[in-house]
Each structure stands twice: as structure tokens, then as C-alpha cells.
Amino acid sequence: MVLPFKHEPFTDFTVESNISEFKSALEKVQGELGQEYPLIINGEKIYTDDKLSSYNPADKSQLIGKVSKATKEHVDQAMDSALEAFKTWSSWTAAERADVLYKAAAIVRRRKHEFSAWLVYDAGKPWNQADGDTAEGIDFMEYYARQMVELEKGKEINDRANEQNTYFYQAMGPGVTIPPWNFAFAIVAGTTVGPIVAGNPVLLKPSENTPVIAYKLAEVLEEAGLPKGVLNFVPGDPAEIGDYLVDHKDTHFINFTGSRATGTRIMERAAKVQEGQTFLKRVVAEMGGKDTIIVDKDADLDLAADSIVNSAFGFSGQKCSACSRAVIHEDVYDEVLEKSIALTEKLIRVGNPADKNVYMGAVVNQKQFDKIKEYIEIGKNEGQLAFGGETDDAKGYFVHPTIFKDVDPEARIMQEEIFGPVVGFAKASNFDELLEIANNTEYGLTGAVISNNRSHLNKARYSFNVGNLYFNRGCTAAIVGYHPFGGFKMSGTDSKAGGPDYLQHFLEAKMVSETF
Ligand code: NAD
């Protein structure tokens with residue numbers, strides 16, 4: 001019997017045995033850095049001369065691994081193998097497909113710290129963030145497996161006299177998964193195994209920033225018994241194969257998570273029917289955020305500071321859900337700002353994330369470092385620098401937690417996604433105005449309200465226009481099966497990853513009616 005879904009517990013890093021196990025995992029992975037990895041097409045490992053090199057964000061000179069680069073010809077081969085694999089994989093029962101995911105989850109669970117250690121080196125994640133990323137990946141496998149078994153039963157519709165009607169779901173065909181680097185295990189795993197357990201082979205093109213941990217996932221799925229051709233691993237230069245994957249006439253869906261610019265490009269291109277294409281492509285595009293925490297006049301101000309600081313600076317603000325705007329009632333503005341600065345000073349240690357007590361590691365790469373630095377300069381003209389602002393890219397890409405106060409809600413640092421540890425504070429004189437500011441960006445991903453006023457919470461429930469709204473907590477850390485995740489407006493297609501509707505994006509619903 002399959003037990004009901006329960007999310008993977010986080011590791012308690014105050015426990016000595018957990019600390020030493022994690023350190024051993026870091027040592028193990030350190031001994032494996034610098035290796036070369038192949039493409040996987042139809043189960044075959046293919047090494048190419050041209051490679052993507054992945055470096056440690058906290059130590060630019062440390063090579064994490066070199067991953068083979070797929071060309072357009074490789075994409076064609078991968079698509080052919082996916083089309084062939086579709087014939088058999090889609091005929092497996094949901095329970096049979098689910099077993100592959102349960103086994104993959106079990107393999108990762110047994111090697112959990114090892115996966116997290118790869119995230120420390122490859123993505124620059126501090127221990128707890130890496131641990132959360134791995135746990136979420138396990139959750140996606142466990143959750144989607146169970147969801148598919150349920151969905152296979154179909155849904156009830158009505159019969160009439162002399163007529164029987166059935167309604168059920170079937171797989172669509174091969175598609176493409178294009179994840180970002182910031183949840184280099186969890187999002188890669190979730191966006192890959194979701195369509196797969198629904199019966200669709202996938203071509204996975206991981207982010208060029210974190211291809212090694214994505215390869216590790218492909219290895220696990222193979223070990224768990226996924227038939228060849230069901231997952232084809234085709235990392236590469238997005239400029240070379242990105243459009244090609246999206247445009248391919250046999251790509252049935254594109255499961256994308258990443259920036260607004262790439263997502264909208266994919267949406268546009270996928271709309272064009274290619275020669276020989278006999279269906280419309282589906283696009284799931286989960287994109288950026290500009291997420292706000294509102295602090296009401298009647299609120300727990302320590303909770304407010306804690307929520308702002310942890311949501312703004314966890315993983316250096318490199319989360320689509322990160323709080324980059326704190327919008328605060330004028331009566332409590334100064335106090336919340338003061339508490340947030342004091343907490344940041346006390347809590348946040350910036351350094352190499354391989355060290356246990358580091359809260360914030362380096363940001364992912366030079367491009368991201370330069371972009372954040374530029375926004376910090378912009379912020380100095382748009383508001384007052386209240387805390388931080390230092391950057392240092394001598395060894396790795398380090399940006400310190402940065403707080404701007406008294407920022408105009410229309411300012412660029414309050415409107416554009418920075419994707420770094422930078423938060424702007426703004427004030428308003430009543431709750432309606434707080435809400436109005438919270439809603440004034442083109443994004444609508446996450447938000448939080450810190451308030452003890454029930455009627456204000458009721459109002460926010462329907463008027464705070466975001467896909468994931470949290471009351472009296474931070475706006476990050478969605479858990480699979482508990483907080484289905486996806487945004488409104490230019491944050492994307494609201495696919496609700498880790499939720500009960502997610503797999504339907506990769507399924508076709510069919511009705512059969514028989515007259516007796
Ligand atoms: P990105 O858009 O630069 O890249 C995302 C993926 O798209 C990568 O795999 C990249 O190689 C690929 N890509 C780039 N150009 C392409 C093209 N022309 N065709 C096809 N694929 C292409 O984003 P990123 O920097 O990797 O990730 C950060 C962004 O992701 C942020 O905006 C963040 O908010 C967003 N994000 C959103 C969610 C969510 O659930 N809404 C979750 C995590 C991250």
C-alpha cells in the first residue's frame with residue numbers, strides 16, 4: 001500500500017550527527033569535482049568535445065564539472081528517441097510509472113546530503129537552503145506519482161438513459177523541460193518528472209549554470225528503472241539549441257521556469273505552427289517575481305522583521321518568491337525598519353556556503369553579480385541606503401544584504417526583478433494604500449501580509465493579486481502538496497507546481513460516449 005503524501009523533513013543542523021554526515025558528503029563531493037559528463041540520448045551516453053563548464057560561485061577558480069553540449073542534431077536524435085519511447089511509456093499504467101518515481105525518491109533520500117553537497121558547490125547554496133532544495137525534489141517525485149495514480153481514474157461525468165459517458169486523461173507526446181538554476185535540483189526534478197509520470201517522454205535542457213546536479217538526477221532516474229528514451233538529457237548553449245527545442249515540430253509542450261524575458265519569448269515562438277506540426281503546443285511558463293511583504297499597523301513587528309529579512313536574504317534573494325519590497329504602515333515603519341536592520345546585522349553571515357554557519361553564499365555568476373551591483377547603484381539614487389551595499393567579486397560573487405529605505409513605490413528597484421539580496425522599504429498611510437502599492441508591479445507571484453486585523457486579512461485574501469499569498473509569515477518556502485506554487489500576471493501561467501492541478505498541463509482529457 002502506498003502511504004499518503006508527507007513532505008520530506010528538513011535536516012536539523014543543530015544535531016551533531018547531521019553536521020558530521022553533511023561534512024562527509026561535502027568531502028565526498030569535493031573529491032568528485034571537475035569530472036566530465038555526457039549527454040544522454042536514448043539511454044546512450046554521448047561525450048562531445050564542446051562542453052559547458054560549471055564553476056563554484058563562491059570560488060570562481062573551482063571547476064565543478066564539464067558537461068557535454070548538445071547540438072541541433074542531438075536534439076533531433078533525442079526527439080526521435082522520445083517519440084519511440086512514447087509508444088511504450090504512455091501505455092504503462094500510472095502505478096507502474098509511479099513506482100519509478102518512488103524508487104528515484106528513495107535513492108535520493110538515501111543520498112540526500114550528497115545531493116545537497118552538490119548544490120552547495122554547483123549553485124552556491126548554504127546548507128539549509130541546499131537541504132530544502134533536495135527535500136523539495138524528493139517531494140515532487142512522491143507527490144506527482146500519487147497524483148497521477150489518482151488522475152488515471154478519470155473524473156465522474158453524467159450518464160443519461162441509454163447513454164454511458166466516461167472521462168479520462170491520456171499522455172500528450174514528447175516535450176521539453178527548461179528549468180532555471182536557482183532550484184537546481186527541486187525545479188529540475190519537478191518539471192521533469194511531472195510530465196514523465198503523466199506518460200510523456202522529456203528532453204531536459206538544464207540551465208547552463210547548474211548542469212551537473214541535473215545530470216545527477218538523470219542518473220538517478222535511470223537507476224530507478226526509467227526506460228531509455230523517456231528522459232533525454234540535452235544540456236547546451238541556449239543561444240544554439242533553445243529556440244530549436246521550442247520550435248521543433250514534435251515538441252508537444254514546453255515546461256519552462258525562468259525569467260520573464262525567456263518565458264515570453266518561448267510563449268511567442270511556441271504559438272507558431274511549424275511545418276509538419278499536427279497539434280498546438282502547450283506552454284507552461286513560470287517566470288519572475290517582485291514580491292511584497294505588507295506590514296499593517298496592528299501587527300507583530302518582530303514577526304514582520306523576521307519575515308522580511310529571511311524572505312529577502314534567504315539564498316541571497318535568488319528566489320522568484322524573494323521579498324524585494326517591504327511596504328509598511330507609516331505608524332510602524334521606523335520600528336520595523338530598525339528591527340529589520342538589527343536582525344540582518346545579527347543573523348546574516350556572508351561567506352563560503354560550504355562553511356556551516358554561513359547564511360548567504362555568493363550569487364550565481366558574474367552576470368548576476370554585475371546586475372545586482374548596478375541595481376544597488378540605482379537604488380542609491382532612488383532611496384536611502386539604510387544597510388549594506390557592499391560587493392566583492394575577488395574570489396567569488398559576494399553581495400552583502402542590502403536595505404534601501406524611503407523608496408518611491410514606482411522606482412525601478414521597486415518594480416524590476418533584481419534577483420539578489422536587495423530589499424526596498426516604502427510606507428503608506430492606510431491598508432488600502434498598502435495593498436495598492438503591493439499590486440502596482442507587473443508581477444503577481446508571492447506576497448505576505450503581517451497583520452492582526454482580521455478584516456484587513458479578509459480584504460487581502462481577494463485583493464492582493466498574487467498566486468501565493470501568505471498571512472503572518474514570510475513569502476518564500478512553499479512546500480509541495482501544501483502550498484501549490486505559481487504566479488499571476490507576468491509571473492506566468494500559474495501552473496501551480498506541487499499542486500493537484502499541475503499534471504493536467506501535460507495530459508489530454510478525453511470523453512467517450514456510447515449509446516446503448
Ligand atoms: P533564464 O530565463 O535566464 O533561464 C531559464 C532557462 O531558460 C535556462 O535553462 C536557460 O538556459 C533557458 N533559456 C535561455 N534562453 C532560452 C531560449 N531562447 N530558448 C529556450 N531556453 C532558453 O532564467 P534563470 O536566470 O535561469 O532563472 C532566474 C529566473 O527564473 C528569475 O526570473 C526567477 O524569478 C525565475 N524563477 C521563477 C520561478 C517560478 O516558479 N515562477 C521559479 C524559479 C525561478
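Just follow the structure's listing: the first ligand is 1, and inside any ligand the first atom is 1. Just so it is clear, the structure is predicted and the values come from calculations on it, not from any experiment.
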Looking at [X], which atoms of ligand 1 are within less than 4.0 Å of one of its heavy atoms?
{"X": "Arg265", "value": "18 (N)"}
{"X": "Ile187", "value": "42 (C), 43 (C)"}
{"X": "Thr257", "value": "5 (C), 37 (C), 38 (C), 39 (C), 40 (O), 42 (C), 43 (C)"}

Looking only at distances, can you tell me whether any N or O atom of [X], backbone or side chain, sits closer than 3.5 Å to an N or O atom of ligand 1?
{"X": "Ser259", "result": "yes"}
{"X": "Glu208", "result": "yes"}
{"X": "Asn182", "result": "no"}
{"X": "Arg260", "result": "no"}
{"X": "Pro238", "result": "no"}
{"X": "Trp181", "result": "yes"}

Flag, side chain of [X] to backbone of [Y], donor-acceptor distance under 3.5 Å:
{"X": "Gln277", "Y": "Gln274", "result": "yes"}
{"X": "Glu36", "Y": "Val67", "result": "no"}
{"X": "His248", "Y": "Leu245", "result": "no"}
{"X": "Asp291", "Y": "Thr446", "result": "yes"}
{"X": "Trp89", "Y": "Ile196", "result": "yes"}

**OP:** List for me each residue that meets side-chain hydrogen bond (donor to acceptor under 3.5 Å, both in side chains) alongside Lys380, sequence neighbours excluded, and say none if there are none.
**Re:** Glu377
Original post:
Can you name the side-chain hydrogen bond (donor to acceptor under 3.5 Å, both in side chains) partners of Asn465, sequence neighbours left out?
Top reply: none
One residue to check: [X]. Relative to ligand 1, which of side chain, backbone, both or neither has a non-hydrogen atom less than 4.0 Å away?
{"X": "Leu445", "answer": "side chain"}
{"X": "Glu417", "answer": "side chain"}
{"X": "Pro179", "answer": "backbone"}

Original post:
Within 45° of the ring axis of Tyr37 and under 6.0 Å from its six-membered ring centre, is that where the NZ or CZ of Lys216 lies?
Top reply: no
Original post:
Does ligand 1 have any atom sitting under 4.0 Å from a heavy atom of Phe183?
Top reply: no
Original post:
At what distance is the nearest protein heavy atom to atom 20 (C) of ligand 1, and which residue and atom is it?
Top reply: Gly242 CA, 3.4 Å
Original post:
Considering only the protein, which heavy-atom contact is closest to atom 4 (O) of ligand 1, and what is its distance?
Top reply: Thr262 OG1, 4.4 Å
Original post:
Which word best sums up how the rings of Phe185 and Phe115 line up, parallel for under 30°, tilted for 30 to 60°, or perpendicular for over 60°?
Top reply: tilted
